[in-house]
Chemist: 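Pasting in a structure now, in structure tokens, and then I'll have a few things to ask.
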Amino acid sequence: MADTSFLSWPFFEAAHREHARRLDRWATDALASVDHHDTDAASRALVAALGRDGWLGVTAPPPDEPDARLDVRTLALSRETLARHDGLADFAFAMQGLGAGPISLFGSVDQRRAWLTRTRAGTAIAAFALTEPASGSDVAAISTAARRGGDDWVLDGEKTWISNGGIADVYVVFARTGEGPGAKGLSAFIVPAATPGLSVTERLAAIAPHPLARLRFDGCRVPATAIIGAPGDGFRIAMATLDVFRATVGAAALGFARRALDEAVAVCRSRQRFGGPLADLQMVQGHLADMALDIDASALLVYRAAWAKDAGAARITREAAMAKLHATEAAQRVIDASVQLHGGDGVRSGHVVERLYREVRALRIYEGASDVQRVVIARAVLAGDGAA
Ligand SMILES: Cc1cc2nc3c(=O)[nH]c(=O)nc-3n(C[C@H](O)[C@H](O)[C@H](O)COP(=O)(O)OP(=O)(O)OC[C@H]3O[C@@H](n4cnc5c(N)ncnc54)[C@H](O)[C@@H]3O)c2cc1C
């Protein structure tokens, strides 16, 4: 039984607690029977089920309510809860938020109406296309270009490691429009998957399967209305979107870690060694204590960041970087310890902790690798952020 005592922390309101409990009940019933053999089909089915039952409504504000904001605590609680049950369900949920994020945060009313109604209902799948073969962490080095072609924009270049690549209905694509050097010359575009000139050139297989692809843009023409914000706003849009969603990556890691601790506690109580349960051995207790400590520290950082954003902070760059860095690194440690406490069973293919061991790994790389988060935190510390 997962520890839910954190729900009484002052970061939350009654509606958050209720949301977490209801989603947990839904996930217990709805996710137990998801067939994961075909990753694309499972992802589509999960988006449809999450949309049908109303859980994607929190991934973007209603399109006709310009003052409505994303509630980051609800996003984080949703991801933590779904990740504890099923990593692919968390992925399906998270990508609707991140993929549509630039439209939610910076889109025009027409753009919001065209896409958010569908992404929130689970009838359109969204993707966020930033990374390129030669620019991952170094976003300012993006070379995919968008040039004017009459009233249109014409995109040429390549993107890689794009989640939902191959199954998405819409991609938000970041491309160089050249208003200035490096980060100052990028813009964001809404590109429907069926747009001529956009093709999926490779499907990528990862250690924890989810839809991933390499994309090619070859004279890919989109109307002038496809740009989000103004030309040159792309870097700001990408960073502000990641700022909101980065803390939720920490929340997903937290969900994985909580599940790993639950599994460890269960096996330590039941497995008999040296004349009693494993849980009686003090060295084992030491591991369980370290795991619980790592989890609580992660939860404090994740929900501090989410609360700060919801409380009106313009940016939470430092808090989100700390939350993501600590929660993902700690989850890896917690899951590794859980595998260890399971003995040989822990590495058996298909065992829940073996699955968690694979699922958590990419979280330390995407949406800003751990060392990049360290750089972000150090910059904030050196700039005196947070000093009285
Ligand atoms: C499963 C998965 C899903 C993804 N989904 C998406 C998606 O939906 N959309 C999207 O746009 N991208 C996505 N990505 C791409 C992801 O964001 C990049 O992989 C990530 O930003 C790292 O870029 P890179 O792989 O090019 O590694 P590099 O930038 O080459 O970095 C390699 C390593 O070098 C080190 N490093 C790099 N820069 C620094 C620095 N400044 N200081 C210190 N060390 C550094 C780090 O250890 C880093 O891990 C996904 C990746 C994965 C694995």
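Please read all numbers here as calculations on a predicted model, not as lab measurements. Atoms within each ligand, like the ligands themselves, are counted from 1 in listed order.
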Chemist: Just to confirm my output: which protein heavy-atom neighbour is closest to atom 24 (P) of ligand 1, and how far is it?
Modeler: G136 CA, 3.9 Å

Chemist: Please assess T39 against F91 for the test side-chain contact (heavy atoms from CB on, under 4.5 Å), listing each intermediate value before the final yes or no.
Modeler: CA-CA 11 Å; T39 308; F91 163 78; over 6 Å; no

Chemist: Could you find the nearest protein heavy atom to atom 49 (O) of ligand 1 and give me its residue, atom name and distance?
Modeler: A369 CB, 3.4 Å

Chemist: Run the numbers on I228 and D233 for side-chain contact (heavy atoms from CB on, under 4.5 Å), then give the verdict.
Modeler: CA-CA 8 Å; I228 303 176; D233 281 352; over 6 Å; no

Chemist: Considering only protein heavy atoms, which is closest to atom 3 (C) of ligand 1, and at what distance to one decimal place?
Modeler: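 Sorting protein heavy atoms by distance from atom 3 (C) of ligand 1 puts S163 OG, 3.4 Å first.
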
Chemist: May I have the list of side-chain donor-acceptor pairs in residues 311-323 shorter than 3.5 Å, sequence neighbours left out?
Modeler:
| from | atom 1 | to | atom 2 | distance (Å) |
| --- | --- | --- | --- | --- |
| R315 | NE | D243 | OD2 | 3.0 |
| T317 | OG1 | D243 | OD1 | 3.2 |

Chemist: Is it the case that the side chain of K159 and the backbone of F174 share a donor-acceptor pair, with hydrogens and angles ignored and the cut-off at 3.5 Å?
Modeler: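 Checked: pair present.
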
Chemist: Given K159, H210, M95, identify the one with the heavy atom nearest to atom 1 (C) of ligand 1.
Modeler: H210

Chemist: If the condition is side-chain hydrogen bond (donor to acceptor under 3.5 Å, both in side chains), which residues does S5 pass it with, not counting sequence neighbours?
Modeler: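 With neighbours one apart ignored, the set is D3.
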
Chemist: So if I count the atoms of ligand 1 from 1 in the order they appear, which ones are less than 4.0 Å from some heavy atom of A362?
Modeler: 1 (C)

Chemist: Of all the non-hydrogen atoms in the protein, which one sits nearest to atom 44 (N) of ligand 1, and at what distance?
Modeler: D371 CB, 3.4 Å

Chemist: Under a 4.5 Å cut-off applied to non-hydrogen side-chain atoms, are S338 and L356 in contact?
Modeler: no

Chemist: I need the nearest protein heavy-atom contact for atom 18 (C) of ligand 1: residue, atom name and distance, please.
Modeler: T131 OG1, 4.1 Å

Chemist: Output yes when a side-chain donor or acceptor of R120 lies under 3.5 Å from a complementary backbone atom of Q96, and no otherwise.
Modeler: no

Chemist: So, regarding S137 and ligand 1 (criterion: nitrogen or oxygen to nitrogen or oxygen, under 3.5 Å), is there a contact or not?
Modeler: yes

Chemist: Note the single closest protein heavy atom to atom 14 (N) of ligand 1, along with its residue, its atom name and the distance in Å.
Modeler: W161 O, 3.2 Å

Chemist: Specify the protein heavy atom at minimum distance from atom 51 (C) of ligand 1: its residue, its atom name, and the distance to 0.1 Å.
Modeler: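 Here the closest protein heavy atom is Y366 CB, 3.7 Å.
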
Chemist: In terms of atom number and element, which parts of ligand 1 are under 4.0 angstrom from non-hydrogen atoms of E367?
Modeler: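 Heavy-atom distances to E367 below 4.0 Å select 17 (O).
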
Chemist: What distance do L75 atom CG and H19 atom NE2 have between them, rounded to the nearest 0.5 Å?
Modeler: 8.5 Å

Chemist: Run the numbers for me: atoms of ligand 1, each under 4.0 Å from some heavy atom of V372, listed by number.
Modeler: 38 (N), 39 (C)

